[in-house]
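Numbered from 1 within each chain, the chains take letters A, B, ... in sequence-line order.
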2 protein chains.
Amino acid sequence: MTKAGKSVLIVDDEAPIREMIAVALEMAGYECLEAANAQEAHAQIIDRKPDLILLDWMLPGTSGVEFARRLKREDRTAELPIIMLTAKGEEDNKVQGLEAGADDYITKPFSPRELVARLKAVLRRSTPQGIEEPIEVSGLLLDPVCHRVTSNDKPIDIGPTEYRLLQFFMTHQERAYSRAQLLDQVWGGNVYVEERTVDVHIRRLRKALGESHEHLIQTVRGTGYRFSTKVS
Amino acid sequence: MTKAGKSVLIVDDEAPIREMIAVALEMAGYECLEAANAQEAHAQIIDRKPDLILLDWMLPGTSGVEFARRLKREDRTAELPIIMLTAKGEEDNKVQGLEAGADDYITKPFSPRELVARLKAVLRRSTPQGIEEPIEVSGLLLDPVCHRVTSNDKPIDIGPTEYRLLQFFMTHQERAYSRAQLLDQVWGGNVYVEERTVDVHIRRLRKALGESHEHLIQTVRGTGYRFSTKVS
DNA sequence: TAAGCTCGTCACGGAAGTGTCACACAAATT
DNA sequence: AATTTGTGTGACACTTCCGTGACGAGCTTA
């Protein structure tokens, strides 16, 4: 399925601190990635898809807060949990940090034990089967646990790609996506396929859904597709 | 909105390779600039302000990595996305490249398709579309995220051009625009179409909006059109 | 190895969208 | 009132975009 240990991206401009944290986390069974600034961090996020980010308040260039805000605004990274690190226990920072979208907040110095504890808590909170809940839209049901789709209790047989496509749509309803965005989100960012391939899978998905539900997937001419219960 | 094609700076010391890449990118609709070394590249960046840089790993004089690092450190160019090119798929390079601030990484040889795909992905990522809030004017709602227009909650069906036109008007209310200005802003600067074409699209848009909202688009005789809630 | 699936690509045809024209109509100018 | 100028409107050819069936490559299963 996926890898066993969760991976954590440590973003801090001071290498020794990164190292220290990395050692502590690795002992606790986490895989560690490191980045010294916002650019590196972004590259790592895209490339390695960590499960959580430890983000230092102070960063050269783009500040930690600003970076957090940016991540939360980006659709693909909005779900990524962030823990902020700050040197002094200034309450102002805490508020700003949380407002920027951080999920938790630790002041340096902190014990490894505290760090791991918070980390676990945040992961438990944000990883859980938020995506594992069945989704139902007007008789169309997608159950991630059983990995099964039913239309009015009648089982729908679709391939893995169509399944992921449908799952993405059902968790991101009403919003229009370009073919490129769908390739990014459903196929995964670093594969190359023709954009028109999306059309074909849309077609297969529609066909599988049948007349009762195919209208849920709407074409947005000149743009892409949209999953919506509202008529166009 | 802005210019249609993005411009890409190709930095490689071998002219044939630059040429090959340039051809591939131009076919995909990108404007290409070229540079054989770090000095030339820097001059081009200042002068032409490309939207993305394709940077060869090996360069005479200042190496690609070093150059990338320098760019990221410079304030004015820090946001410029960089894709690294390298001859061999050495993982070491990859890490170094990403740490130096590259946004993506391609190993030669690569297919033009792959190149274009990655390029698109990086551009999409690094051009965080401005926060797209829905705009509402007296019952007329345009939602950029859903790519949808509703008049008193009733969906309005319009083509891409009318959509862009309406979006422009709603973000630039109360001001009169000439046909030439509208062609510039909505059609994009470097296309030639008859000015009277604007009239036709205005007409189509008014028709689609229906009696309830068509009066929002007002004719300014001798000048052009205006989107306004105030009656004339 | 063959059979069965899924996937990505292509080519064709049809549908929707686009730009231009001609003419009708309205407003300003004489 | 007649003329000139500017805009509304319907129709048409043309282009672009999307739906669709078919096909071969790769992978898994038997």
Side-chain angles (χ1 to χ4, degrees), chain A residues 147 149 155-168 176-184 186-188 190-211 213-227 232, chain B residues 4 28-29 111-114 116-117 147 149 155-168 176-184 186-188 190-211 214-227 232:
Chain A
H147 205 273
V149 182
I156 300 292
D157 183 38
I158 53 178
T161 304
E162 281 83 40
Y163 179 85
R164 289 201 308 280
L165 186 57
L166 180 59
Q167 182 173 37
F168 176 77
Y177 292 94
S178 69
R179 292 169 176 76
Q181 286 176 311
L182 290 171
L183 285 177
D184 249 25
V186 177
W187 274 254
N190 28 8
V191 275
Y192 166 70
V193 284
E194 288 288 333
E195 295 205 339
R196 289 298 309 274
T197 299
V198 175
D199 297 23
V200 178
H201 284 275
I202 291 281
R203 147 80 174 147
R204 289 172 180 157
L205 184 50
R206 278 174 173 159
K207 198 173 188 179
L209 293 182
E211 289 186 8
H213 291 106
E214 62 181 354
H215 62 278
L216 290 173
I217 299 174
Q218 302 167 357
T219 303
V220 183
R221 191 153 243 268
T223 302
Y225 297 94
R226 171 180 50 205
F227 186 96
S232 59
Chain B
S111 72
R113 285 179 187 176
E114 182 183 0
V116 172
H147 206 277
V149 182
I156 300 293
D157 186 36
I158 53 180
T161 304
E162 284 81 44
Y163 179 87
R164 289 200 309 277
L165 186 56
L166 180 59
Q167 184 173 36
F168 177 78
Y177 291 93
S178 70
R179 292 169 175 75
Q181 285 176 312
L182 289 172
L183 284 177
D184 250 25
V186 178
W187 272 254
N190 25 6
V191 280
Y192 173 69
V193 284
E194 291 290 330
E195 293 206 339
R196 289 300 311 274
T197 299
V198 174
D199 297 21
V200 178
H201 283 276
I202 291 282
R203 147 79 175 147
R204 289 171 179 157
L205 183 51
R206 279 174 172 158
K207 197 174 188 178
L209 293 183
E211 290 184 8
E214 62 180 355
H215 62 278
L216 290 173
I217 298 174
Q218 301 164 358
T219 304
V220 184
R221 196 180 169 81
T223 304
Y225 298 94
R226 171 181 53 204
F227 186 96
S232 58

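Rounded to whole angstrom, the span from the CG atom of A:L205 across to the P atom of C:dG8 amounts to 14 Å. B:I217 places its CD1 atom 15 Å from the P atom of D:dT7, with the value rounded to the nearest Å. Rounded to an integer number of Å, the gap from A:L165 CG to C:dC7 C1' is 13 Å. To the nearest angstrom, P of C:dC7 lies 13 Å from CD1 of A:I202. Rounding to whole angstrom units, CZ of residue A:R179 and C1' of C:dG8 are separated by 15 Å.
Relative orientation of the B:Y163 and B:H147 rings is parallel, given thresholds of 30° and 60° on the angle between their planes.
In this structure, B:F168 has its ring center at least 6.0 angstrom away from the ring center of B:F227.
A:E214 contributes atom CD, which lies 12.0 Å from atom CD1 of A:I202 (distance to the nearest 0.5 angstrom).
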Tell me, for nucleotides 17-30 of chain C in 5' to 3' order, what letter each nucleotide earns: B for a base near a protein heavy atom under 4.0 Å, S for only sugar-phosphate near one, - for neither?
-> SBBBB----BB---
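Listed pair B:T219 / D:dG6 fails the phosphate criterion, with no side-chain N or O lying under 4.0 Å from OP1 or OP2. Phosphate proximity of D:dG8 to B:Y225: present, with a side-chain N or O under 4.0 Å from OP1 or OP2.
The heavy-atom pair separating B:G224 from B:R179 by the smallest distance is CA-NH1, 3.9 Å.
Counting only distance, with no hydrogens or angles, the side chain of A:R226 and the backbone of A:V220 share no donor-acceptor pair below 3.5 Å.
Annotation: of the two residues near DNA chain D, B:D199 and B:K207, the 5′-most nearest-nucleotide partner is B:D199.
When B:L205, B:D199, B:V198, B:T197 are each tested for a side chain to side chain contact (heavy atoms under 4.5 Å, CB included) with B:H201, only one passes: B:T197.
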